[in-house]
Amino acid sequence: MADTNKSDSPHIDDIQKTLEKQIAELRKEITKINKSISARSAEMLDDASEQASDLYDTAAARASRTAQQLRSQAQAVSDVARDNPGTTTAVIGVIGLLGFLAGLAIGQSMNDNSRRWY
């Protein structure tokens, strides 16, 4: 039995050394993979950041153009209102009257009473 243990021992040592060598190689591979993933993640983050910056710049430019257009249209409406104060007053009065009548009609339609205003 002692002979069997001695003869098996070198064989087990070889297997253990082989396994340790394979584990070391696997660790090196895992380290390489981690570095590769880290580099790729950094690239993707940079790309996403660049795309977000481009989208922001485009949106800011569009918002600026829209604000300028709204300012010019508001100025045009203001000029027309100043040039025609009577017409402006009449239009605002008609809009107010229509709003009042719409509110009255909605209020009556929501009333639970069967009594009508007409």
Side-chain angles (χ1 to χ4, degrees):
M1 220 179 204
D3 293 335
T4 309
N5 288 338
K6 287 182 182 179
S7 66
D8 285 346
S9 185
H11 183 65
I12 292 174
D13 289 341
D14 289 342
I15 293 173
Q16 184 176 355
K17 287 178 184 178
T18 303
L19 286 175
E20 288 175 356
K21 186 177 179 182
Q22 287 178 351
I23 289 171
E25 288 174 4
L26 287 173
R27 285 184 179 155
K28 288 179 185 177
E29 287 295 320
I30 289 173
T31 301
K32 287 180 185 178
I33 290 171
N34 284 339
K35 287 180 182 177
S36 175
I37 289 172
S38 177
R40 182 66 181 140
S41 297
E43 287 177 18
M44 290 175 70
L45 182 62
D46 288 344
D47 290 346
S49 175
E50 187 176 320
Q51 287 178 352
S53 178
D54 290 345
L55 287 173
Y56 175 77
D57 291 343
T58 302
R62 286 182 182 173
S64 177
R65 284 193 305 262
T66 301
Q68 181 62 35
Q69 187 175 12
L70 286 174
R71 269 188 240 114
S72 68
Q73 288 178 356
Q75 184 65 37
V77 169
S78 177
D79 289 344
V80 169
R82 267 191 235 116
D83 292 344
N84 303 306
T87 304
T88 303
T89 304
V91 168
I92 291 174
V94 168
I95 291 172
L97 181 63
L98 289 174
F100 175 76
L101 291 175
L104 190 64
I106 290 171
Q108 289 296 323
S109 69
M110 296 180 82
N111 193 0
D112 290 337
N113 271 340
S114 61
R115 197 179 90 204
R116 299 283 183 194
W117 62 275
Y118 53 93

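Residue T88 comes nearest to V80 through the heavy atom pair OG1-O, 4.4 Å, listed as atom of the first residue, atom of the second, then distance.
Residues E50 and D46 are not in side-chain contact: their nearest non-hydrogen atoms beyond the backbone lie 4.5 Å or more apart. Contact annotation: the side chain of Q16 approaches that of E20 to within less than 4.5 Å [non-hydrogen atoms, C-beta and beyond].
Rounded to the nearest 0.5 Å, atoms CD1 (I106) and CG (L101) are 11.0 Å apart. Here L26 contributes atom CG and L19 contributes atom CG; the two are 10.5 Å apart, rounded to the nearest 0.5 Å. Separation of atoms CD1 (I23) and OG1 (T18) is listed at 11.0 Å; rounding is to 0.5 Å. Separation of atoms NZ (K35) and NZ (K32) is listed at 9.5 Å; rounding is to 0.5 Å. Separating the OG atom in S38 from the CD atom in E43 is a distance of 10.5 Å, to the nearest 0.5 Å.
D79 and Q75 are linked by a side-chain donor-acceptor pair at a separation below 3.5 angstrom, with hydrogens and angles left out of the test. For the 3.5 Å distance criterion, the side chains of S78 and R82 qualify, holding a donor opposite an acceptor. With 3.5 Å as the limit, one finds a donor-acceptor pair spanning the side chains of Q68 and R71.
The closest donor-acceptor contact from the side chain of S53 to the backbone of S49 lies at 3.5 Å or more, if one exists at all. For S64 (side chain) and A60 (main-chain N/O), no donor-acceptor pair under 3.5 Å exists by modelled atom type.
Partner of V94 under the side-chain contact (heavy atoms from CB on, under 4.5 Å) criterion, chosen from L97, V91, L98: L98.
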>> Does Q69 form a side-chain contact (heavy atoms from CB on, under 4.5 Å) with Q73? I'd like the steps, not just the answer.
In response: CA-CA 6 Å; Q69 187 175 12; Q73 288 178 356; 3.7 Å; yes

